[in-house]
Amino acid sequence: MDTAAAEWTARDDGREHRPPGRRLGTWCAGLLLAGVSVVVGFRAADSDGITPVTQFLAFLPWLLAPTAVALLFTLLSRWWPGTVWGVVLLGLLAWYIEPYGKVGDPEGRPVAALRVLTSNVEFGQGTGSLVTAVRREKPDVVFVVECDYECDVLLKRDLSKDYPHRAAVEGGGSEGSVILSRFPLRPTEGVPGTMGMPGAVADVDGHAVRLQLAHPMPPLPGQVDLWRRELGALRDAAATDPGTPLVLAGDFNASQDHAAFRRILDTGLRDASRLDGADRTATWPARTAPTLGAQIDHVLVSDDFGASSTRILDLADTDHRAVVTDLTLHERR
């Protein structure tokens, strides 16, 4: 029997149609490809779109899975235009999964070194685990996100001897945040937001380094505009005082697949994870990471810094994984 003819059956009225099984496969493939196309389309347009596109963009690499399933359906149902559609989508996803932003080593000579750790302790619940990690990793600067009143008390009790300098925005639940430092700090105004985002200038072996904690609102349905504005405020802060080296770290509630986050990188900042080959390593949600998740916790640095030994740490009692990285400050030419 001719293969092409076998794809069709005759109706009573003499017209031909696909067998029901293949028609169902075509519909399933079309729905999957259409859904993925919407998200990829906004990514191609350099836009974060609206709910639920904004939320799906955080998991852009995982859209390879429904695209592959859709391709399988197109092959089984012999829907060749759909196969071409799916291959194009796979190509676009592979293109956008590539790391975004600048790379390269600083040109000046090294003048100072510091280790940075950032952790979201989920309403203070992971504070005990964080303290253990800090004592093990011995960072010079610690960014603590969602540090409630009890968390603040525990940090003062357990870490104030090793970290005598601090900049904080006190608050309950997710509103509190703290920067701990071995280096002397001069507090700055920080970045205004729904949740605390303190800032400071550190004296790192005689060199001024700006420290800014990041914790914009998450892009929940109905709050995408607020999330976008607070990421914009972080971008503005990153562009301020370009003459001073900057470390901008914390829970950004955004990945490199979000246009609002890429605008921060466009100021010249670089993700320490990418500099050290740990890009795309999921930090949230901790329960399913690294198998399934998004990298929304970042340590961003100006081009004065090199980065090495970046690690993603699993902490108990929090839905975020911590990021620790070794930074080298280079002299500007």
Side-chain angles (χ1 to χ4, degrees), residues 36 38-63 92-93 95-103 118 120 143 145-146 174-175 177 189-199 210-242 246-275 279-285 293-303 320 323:
V36 173
V38 170
V39 180
V40 173
F42 276 97
R43 176 63 180 86
D46 200 26
S47 170
D48 292 322
I50 59 175
T51 300
V53 172
T54 312
Q55 293 78 13
F56 276 116
L57 278 169
F59 299 93
L60 187 75
W62 305 105
L63 295 183
L92 288 171
L93 286 169
W95 175 266
Y96 290 126
I97 287 171
E98 285 296 305
Y100 182 89
K102 299 178 180 179
V103 293
T118 181
N120 182 324
F143 294 82
V145 181
E146 294 193 13
S174 63
E175 296 177 1
S177 291
E189 292 183 359
V191 175
T194 308
M195 298 179 286
M197 293 189 279
R210 293 172 58 209
L211 305 176
Q212 177 59 57
L213 185 144
H215 192 208
M217 283 293 288
L220 300 173
Q223 295 182 340
V224 171
D225 287 341
L226 176 59
W227 164 81
R228 189 179 288 112
R229 286 197 301 271
E230 294 192 354
L231 281 171
L234 286 169
R235 183 203 177 281
D236 293 341
T240 302
D241 190 15
L246 170 65
V247 178
L248 173 59
D251 171 12
F252 288 77
N253 280 310
S255 74
Q256 73 164 45
D257 298 306
H258 288 114
F261 180 74
R262 292 195 299 277
R263 298 296 77 80
I264 298 176
L265 295 178
D266 289 344
T267 64
L269 295 185
R270 301 179 297 173
D271 196 322
S273 294
R274 184 184 179 192
L275 294 178
D279 50 274
R280 291 289 186 187
T281 304
T283 61
W284 175 90
Q295 188 179 53
I296 63 174
D297 301 87
H298 308 270
V299 176
L300 306 185
V301 297
S302 57
D303 59 8
H320 286 253
V323 181

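As a basis for the values below, the full set of heavy atoms in this structure was taken, side chains included, without hydrogen atoms, waters or symmetry mates. In this text, all values refer to a predicted model and were calculated from it rather than measured experimentally.
- One finds a salt bridge joining R263 and D46 here, because a Lys/Arg side-chain nitrogen approaches an Asp/Glu carboxylate oxygen to under 4.0 Å.
- A donor-acceptor contact shorter than 3.5 Å is absent between the side chain of T267 and the backbone of A238.
- Within the 4.5 Å cutoff, side-chain heavy atoms of H215 are placed close to those of N253.
- Contact detail for W227 and A254: the closest heavy-atom pair is CZ2-CB, 4.0 Å.
- Remark: side-chain polar atoms of H258 are paired, donor with acceptor, to backbone N or O of T54 under 3.5 angstrom.
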Practice item. Take D271 and D279 through the side chain to side chain contact (heavy atoms under 4.5 Å, CB included) test and state the conclusion after the steps. Key: CA-CA 8 Å; D271 196 322; D279 50 274; over 6 Å; no
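- By the 4.5 Å heavy-atom criterion applied to side chains, P61 and Q295 are not counted as neighbours.
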Exercise for review: Evaluate the side chain to side chain contact (heavy atoms under 4.5 Å, CB included) criterion for residues L265 and L300: first the C-alpha distance (whole Å), next the side-chain angles of each, then the deciding distance (0.1 Å), finally the verdict.
Suggested key: CA-CA 8 Å; L265 295 178; L300 306 185; 3.9 Å; yes
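- Looking only at distances, no side-chain donor or acceptor of W284 sits under 3.5 Å from a matching main-chain atom of G293.
- The closest side-chain heavy-atom distance from D303 to R270 is below 4.5 Å.
- Judged purely by atom type and a 3.5 angstrom limit, E230 has no side-chain atom pairing as donor or acceptor with the backbone of G193.
- The two residues I264 and L231 have their closest heavy-atom pair at CD1-O, 3.8 Å.
- Residues V145 and D297 form no side-chain contact, since every pair of their non-hydrogen atoms from C-beta on lies 4.5 Å or further apart.
- Counting non-hydrogen atoms of neighbouring residues, nucleotides and ligands closer than 6.0 angstrom, the CD1 atom of I50 reaches no more than 12 such neighbours.
- With a 4.5 Å cut-off on side-chain heavy atoms, T281 and S273 do not count as touching.
- Side-chain contact between V40 and W95 is absent, with no heavy-atom pair separated by less than 4.5 Å.
- Judged purely by atom type and a 3.5 angstrom limit, S302 uses its side chain to pair as donor or acceptor with the backbone of L246.
- Between the side chain of R262 and the backbone N or O of Q256, at least one donor-acceptor pair lies under 3.5 Å.
- Counting only heavy atoms from C-beta outward, the side chains of L211 and F143 approach each other to under 4.5 Å.
- Shown here for A58 and S255, the closest heavy-atom pair between the two residues is CA-OG, 3.8 Å.
- A salt bridge links R280 with D257: the distance from a Lys NZ or Arg NE/NH1/NH2 to an Asp or Glu carboxylate oxygen falls below 4.0 Å.
- Side-chain contact between L93 and L60 is present, with at least one heavy-atom pair separated by less than 4.5 Å.
- The closest donor-acceptor contact from the side chain of Q212 to the backbone of P198 lies under 3.5 Å.
- Residue D48 holds its CG atom at 10.0 Å from CD of Q55, rounded to the nearest 0.5 Å.
- Across all their heavy atoms, S47 and L57 have their closest contact at O-CD1, 3.8 Å.
- Contact record, F59 with A294: CE2-N, 4.1 Å, taken as the closest heavy-atom pair.
- Although no hydrogens or angles enter the test, the distance criterion places no donor-acceptor pair under 3.5 Å between the side chain of S177 and the main chain of M197.
- Using a distance-only test at 3.5 Å, with no hydrogens or angles considered, a donor-acceptor pair links the side chain of T283 to the main chain of I296.
- Rounding to the nearest 0.5 Å gives a distance of 7.5 Å between CZ of R235 and CG of D266.
- The shortest heavy-atom contact between A237 and V191 is CB-CG2, 3.6 Å.
- A distance of 4.0 Å separates CG of L226 from OG1 of T194, quoted to the nearest 0.5 Å.
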